[in-house]
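Reviewing the structure listed below.
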Amino acid sequence: MIFTVAIDGPAAAGKGTISRAVAARFGLRHLDTGLLYRAVGVLGGDPVTAARGLRAEDLARDDLRSLAAGQAASKVAVIPEVRAALVEFQRKFARSKGGAVLDGRDIGTVICPEAEVKLYVTASPEVRAHRRWLEVGGDEGAVLAEVKERDARDMGRADAPLRAAVDAVVIDTSEMGIDEAVARAAAVVEMVLKARR
Ligand code: CDP
């Protein structure tokens with residue numbers, strides 16, 4: 001079965017949790033594409049060289065989840081040659097046998113426009129910043145500023161900007177618990193799978 005679930009959206013909207021839950025529930029492989037950009041960002045040196053030479057162990061580093069790594073990721077993610085170097089790996093993963101869930105910023109728009117399911121998971125900047133602050137601590141105002149700065153860079157870049165695909169189902173999790181958000185996403189996947197049977 002070739003079956004792709006593309007999940008896009010801004011930082012801390014709940015994409016990661018939803019993606020992992022959907023993958024586990026339907027027996028699909030999962031790729032957090034943000035890790036690719038985070039790894040390129042923290043590797044340092046020339047980002048294009050880093051993206052072209054990215055190895056599996058670079059994705060297993062334990063410093064990829066920090067706010068600094070997120071910022072570094074969104075800075076290298078504006079470089080078209082960096083994005084181009086990462087396209088093939090993501091496309092192969094998306095169309096590999098057995099089906100896959102990919103979460104990121106441009107999965108439904110650029111990496112896999114043919115995805116059978118496209119979700120755009122979002123929430124207000126304040127709610128997203130609060131969630132990220134619960135994970136990382138520190139000053140909540142600074143976390144909100146970081147979230148807004150990254151949103152502006154991700155949405156404003158020329159190459160593969162963050163936006164919902166025209167055929168994406170939008171899930172706004174601002175006033176939703178994670179269980180409800182996962183249930184909504186799973187219901188969409190279930191509906192599409194049923195229609196194919
Ligand atoms: O977990 P969070 O949503 O905060 O971030 P992430 O998904 O790990 O992505 C980190 C950064 O990588 C984003 O702010 C984007 O700039 C970039 N990214 C991208 O450009 N395209 C993707 N498919 C995934 C991430």
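Positions are given from 1 along the sequence. One-based numbering, in listed order, for ligands and for the atoms of each.
- Taking the side chain as every heavy atom from C-beta outward, Leu54 and Val40 approach each other to under 4.5 Å.
- Between Arg163 and Asp154 no salt bridge is recorded (no basic side-chain N to carboxylate O distance below 4.0 Å).
- By the 4.5 Å heavy-atom criterion applied to side chains, Val117 and Phe3 are counted as neighbours.
- Ion pairing of Arg83 with Asp106 is present here, as a side-chain N (NZ or NE/NH1/NH2) and a carboxylate O approach within less than 4.0 Å.
- Near ligand 1, residues Ala11, Ala12, Lys15, Thr33, Gly34, Tyr37, Arg38, Arg65, Ala73, Ser74, Ala77, Arg83, Gly104, Arg105, Asp106, Arg132, Arg150, Asp154, Arg157 each place a heavy atom inside the 4.0 Å sphere around the ligand atoms.
- Between Gln90 and Ile107 there is a side-chain heavy-atom pair separated by less than 4.5 Å.
- At least one donor-acceptor pair under 3.5 Å links the side chain of Arg131 to the backbone N or O of Ala13.
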